[in-house]
Participant: 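Next up is a structure, given as structure tokens.
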Amino acid sequence: MSALKLHQVSKSYDTGPQRLEVLREVSLELAPGAALAITGPSGSGKSTLLHIVGTLDEPTSGRVTIDGVEPHAMSEPELARFRNDAIGFVFQEHHLLPQYTVLENVLVPTVVSRRGRDGAAERARELLDRVGLGARLEHRPAELSGGERQRVAVARALINHPRLLLCDEPTGSLDGPTAEKVGALLFDLHRAEGNVLVVVTHSRELAGRFERRAELRDGRCYEA
Ligand code: ADP
Ligand code: MG
């Protein structure tokens, strides 16, 4: 069974005078443990596609299946739970909560998780160790560098053992060497955790690590 399947996913907006077709029948299939990099010009629908896969947005038509289930067919509360447990997100901005410590930020997704909070603090510490921040647990986000904040965001995305790790330009706000480190880290953790990784990126260096690469152009998805 495929871990992630998109079947003729289309997305359009009716806001302006004419219909804007952002995605046109995008089909993709990823096996468990696979990694896919998505590239494409600005405005080509990369974020839209990632949001649809991440169940933050709905397709206009087509189907998304994650481990055989169709999240878009779930009720809103069911979907919220599914999203929190099965999907990890890393965005261009870290979206850490400024009033919380590093450790607390990583624990946020465990509060509502079906897994419960048993062992959550231990898992958070272990992940923070793996991203090189084991000595910064009690710091606030403002006390960290941009790269360090993004590493906290990566640990937070992984806390609930998501089957799917979705990253939207995760290194887009970082300088070259820092971006490379965070990219390598994402990739290593994906390997170690055995999740499916989908990363939208402008970085050739990062895309080059992936066994599968797709490009969005004119709403269509072309796999290299
Ligand atoms: P990318 O991430 O590749 O830069 P996006 O997925 O953010 O592109 O956007 C793709 C296109 O969809 C853009 O033309 C954008 O303006 C349009 N778009 C995104 N969200 C909306 C929305 N809610 N309403 C209307 N148009 C939108
Ligand atoms: Mg985008």
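Computed from a predicted structure; not experimentally measured. Start at 1 and go down the list; that is how both ligands and their atoms are numbered.
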Participant: Looking at ligand 1, would Gly16 count as a contact under a 4.0 Å heavy-atom criterion?
Facilitator: no

Participant: Can Gly40 be said to touch ligand 1, with heavy atoms closer than 4.0 Å?
Facilitator: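 Distance cut 4.0 Å: Gly40 fails for ligand 1.
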
Participant: Hey, does Leu189 have a side-chain heavy atom less than 4.5 Å from the side chain of Val131?
Facilitator: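 Side chain of Val131 against side chain of Leu189, heavy atoms only: contact under 4.5 Å found.
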
Participant: Are the side chains of Thr15 and Leu20 in contact, using a 4.5 Å heavy-atom criterion?
Facilitator: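 Of all side-chain heavy-atom pairs linking Thr15 with Leu20, none is under 4.5 Å.
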
Participant: Would you check if Val199 and Pro170 make a side-chain contact, meaning some heavy-atom pair closer than 4.5 Å?
Facilitator: yes

Participant: Is the shortest side-chain heavy-atom distance between His95 and Glu93 below 4.5 Å?
Facilitator: yes

Participant: Distance to 0.1 Å, residue and atom name: give those for the protein heavy atom nearest to atom 7 (O) of ligand 1.
Facilitator: Ser47 CB, 3.7 Å

Participant: Is there a side-chain contact between Glu21 and Thr60 (heavy atoms, below 4.5 Å)?
Facilitator: no

Participant: Quick one, Met74 and Arg83 - any side-chain contact, counting heavy atoms below 4.5 Å?
Facilitator: no

Participant: Ser42 heavy atoms, cut-off 4.0 Å: which ligand 1 atoms fall inside?
Facilitator: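 Near Ser42, the atoms of ligand 1 are 4 (O).
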
Participant: So, Ser47 and the Mg ion (ligand 2): N/O/S under 2.8 Å, yes or no?
Facilitator: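 Short answer: yes, at least one N, O or S atom is under the cut-off.
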
Participant: Starting from atom 8 (O) of ligand 1, what is the nearest protein heavy atom, named by residue and atom, and what distance separates them?
Facilitator: Gly45 N, 3.2 Å

Participant: What is the nearest protein non-hydrogen atom to atom 4 (O) of ligand 1, stated with its residue, atom name and distance?
Facilitator: Gly43 N, 2.7 Å

Participant: State whether the side chain of Asn105 and the backbone N or O of Leu97 hold a donor-acceptor pair below 3.5 Å, judged by distance alone.
Facilitator: yes

Participant: If you take the nearest heavy atom of each of Leu49, Asp57, Thr48, which one is closest to atom 6 (O) of ligand 1?
Facilitator: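 It is Thr48 whose heavy atom sits nearest to atom 6 (O) of ligand 1.
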
Participant: Give the numbers and elements of all ligand 1 atoms closer than 4.0 Å to a heavy atom of Pro41.
Facilitator: 3 (O)

Participant: For atom 15 (C) of ligand 1, what's the nearest protein heavy-atom neighbour? Residue, atom name and distance, please.
Facilitator: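 Going atom by atom, the protein heavy atom closest to atom 15 (C) of ligand 1 ends up being Leu20 CD2, 4.6 Å.
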
Participant: For ligand 1, which atoms, with element, lie under 4.0 Å from some heavy atom of Thr15?
Facilitator: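 So the answer, numbered in order with elements, is 25 (C).
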
Participant: Just to verify, which of His72, Glu29, Lys5 counts as forming a side-chain contact (heavy atoms from CB on, under 4.5 Å) with Thr65?
Facilitator: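 Between Thr65 and the candidates, side-chain contact (heavy atoms from CB on, under 4.5 Å) is satisfied uniquely by Lys5.
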
Participant: Atoms of ligand 1 less than 4.0 Å from Val22 heavy atoms?
Facilitator: 10 (C), 11 (C), 12 (O)

Participant: So which heavy atom in the protein is nearest atom 18 (N) of ligand 1, and how far is it from that ligand atom?
Facilitator: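 Answer, as residue, atom name and distance: Tyr13 CE1, 3.5 Å.
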
Participant: Say whether, by atom type as modelled, one donor and one acceptor occur between the side chain of Lys46 and the main chain of Pro41 under 3.5 angstrom.
Facilitator: yes

Participant: For ligand 1, indicate whether the residue Val200 contacts it via side chain, backbone, both or neither (heavy-atom separation under 4.0 Å).
Facilitator: neither

